[in-house]
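Below is one structure, written out as structure tokens; the observations come after it.
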Amino acid sequence: MRTKTQAAWTIVLGLVGCSAAQAQPPGSSAVDFTGIYEPAPFVGTPEVTQPAEYPFTAQGRRAFETFDPTVAPRHADDCAAETMPGILWSGNTMQIIQQDGSIEIRFERGNTVRTIHMDGRPPPADQPESELGYSVGSWEGGVLRIDTTHVMPGAIFNNTGYGISAGARLTERYWREHGENDLQLEVVVDDPVNYTQPFTLGRDWVWAPHEQLREWVCVDLGPRDEEPDLDELTRILEQL
Amino acid sequence: MAYRFSLAAVAFGVLVAGVTVPDAVAHHSFPALRTADGEDVIDVLEGSVRVYRLLNPHGALIIDSTDDTGATEGWLIELSPASQLLREGWTEDLLSGGDRVTVALVRSSTPNRGRIRAILIHGKTDEEAARLLVSYGIRGDTPVMRRLRERLPTCGIIDASYQRTECFQIDAQALQALEAEFPGPMGYVMP
């Protein structure tokens with residue numbers, strides 16, 4: 001049983017402004033996506049577009065067919081760190097903050113913060129693998145492109161057998177349809193270890209100027225395949 | 001006091017129509033206890049609140065339930081994520097230690113653990129109305145929710161626009177009428 005109360009960083013919308021969609025940051029093709037977004041339907045499982053059939057390699061199919069959810073990281077720890085690309089399918093709010101040289105994408109889930117490097121430099125040669133990988137962003141017209149590498153091996157969707165390897169490249173593209181503030185997201189997954197060819201996933205984020213990111217106070221309530229130690233859990237909860 | 005029911009499988013991890021979605025895009029599935037027919041098992045417990053906290057990825061309610069022999073056992077009842085409940089209007093002071101409750105829960109495959117379906121928070125006095133919060137497995141525009149909406153006033157503390165939880169006020173007379181119409185422990189929140 002583990003308690004993880006991460007630093008409070010509730011972010012009030014007033015800090016980012018409600019008319020962000022019309023502002024233009026420096027750069028010929030950059031668009032200001034600054035703001036808070038929510039899934040639709042809110043706080044639920046977002047609608048994700050996927051290929052009709054995943055182009056598994058033999059290794060990827062084997063991993064998929066033999067996947068055991070009881071050994072997935074989140075089965076053992078409710079508060080396991082969020083990972084790429086799993087965090088992209090979050091059913092909680094998300095905030096984009098654009099600043100000089102970088103973009104921050106903050107997710108309510110897990111108080112997760114991604115840093116997108118916008119200075120054009122590639123990842124350092126000794127860049128280690130990490131849960132969120134290393135992300136480099138650029139603008140393609142009004143589209144924000146983010147290339148992420150150096151992710152840790154895991155799953156495309158939490159607790160599933162759709163594998164992702166450390167050598168995968170994830171290319172996200174965010175854009176707005178004309179006259180709208182909602183964000184469209186398309187992700188191209190290029191992972192030759194698990195899939196014979198790149199494929200595309202997608203979802204949208206609804207512009208939510210009324211929303212905020214709340215602190216994600218996470219407590220692991222213990223393994224679901226063991227009888228809970230209620231005295232210990234009571235002690236933990238009473239201390240919160 | 002504990003009572004047991006079963007019902008057709010409840011979808012844990014609701015998926016979205018129109019596109020294919022992996023089974024666990026969001027959080028992990030809850031391993032429900034099943035009958036031989038593959039149905040979920042629902043228990044109804046009576047007891048008192050030991051501790052209640054709004055947390056992620058699941059809120060926690062621990063109650064002490066007393067059986068027919070007078071023996072007491074603790075139960076961990078998982079709630080929806082705090083990120084969701086706080087937006088709907090649940091508050092940290094909705095329940096306090098010692099509050100008397102009746103809880104319908106979907107049983108986990110592990111002992112003394114389940115997920116909330118509905119909770120009746122009894123009034124602290126005979127005159128004080130109880131509050132009935134219904135959520136998991138019956139939320140939204142469901143027959144159970146419609147049945148309750150037709151008969152009971154809401155508490156006014158829950159934002160029903162999320163179509164998840166709803167809270168109803170229920171005085172002794174209304175409770176008696178519901179129990180007569182829908183027999184069995186918490187029969188009014190059963191299919």
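Values below: all heavy atoms of this structure, side chains included; hydrogens, waters and symmetry mates excluded. The sequence lines fix the lettering, A, B, ..., with proteins before strands; numbering per chain opens at 1.
Counting heavy-atom neighbours within 6.0 Å of B:Gln173 CD, excluding the residue itself, gives a total of 12 or less. Taking a 6.0 Å sphere around CD of B:Gln176, one finds it holds 12 or fewer heavy atoms contributed by other residues, nucleotides or ligands. Within a 6.0 Å radius of CD in A:Gln239, more than 12 heavy atoms belonging to other residues, nucleotides or ligands are found.
Looking at A:Glu238 and B:Val51, their side chains come closer than 4.5 Å, going by heavy atoms from C-beta outward. Counting heavy atoms from C-beta on, the side chains of A:Leu240 and B:Leu55 come closer than 4.5 Å. Side-chain contact check for A:Glu108 versus B:Ser83: some heavy-atom pair is nearer than 4.5 Å. In this structure the side chain of B:Asn56 never reaches within 4.5 angstrom of the side chain of A:Val219, judged on heavy atoms. At least one side-chain heavy atom of B:Glu78 sits less than 4.5 Å from a side-chain heavy atom of A:Leu221.
One distance of note links CG of A:Leu230 with CH2 of B:Trp75; it measures 10.0 Å at 0.5 Å rounding. Put simply, CG on B:Leu86 and CZ on A:Arg214 are 5.5 Å apart, with the number rounded to the nearest 0.5 Å. With rounding to the nearest 0.5 Å, the separation of CG in A:Asp229 from CG in B:Leu76 is 11.0 Å.
Taking a cutoff of 4.0 Å between a charged side-chain nitrogen and a carboxylate oxygen, B:Arg87 and A:Glu211 qualify as a salt bridge.
Heavy atoms closer than 4.5 Å to chain A are found in the side chain of B:Ile62, but not in its backbone. Interface remark: B:Arg50 contributes backbone and side-chain atoms alike to the contact with chain A (heavy atom separation under 4.5 Å).
Between A:Pro228 and B:Pro111 the shortest heavy-atom distance is CD-O, 3.3 Å. Residues B:Arg113 and A:Pro223 share a closest heavy-atom pair of NH1-O, 3.4 Å.
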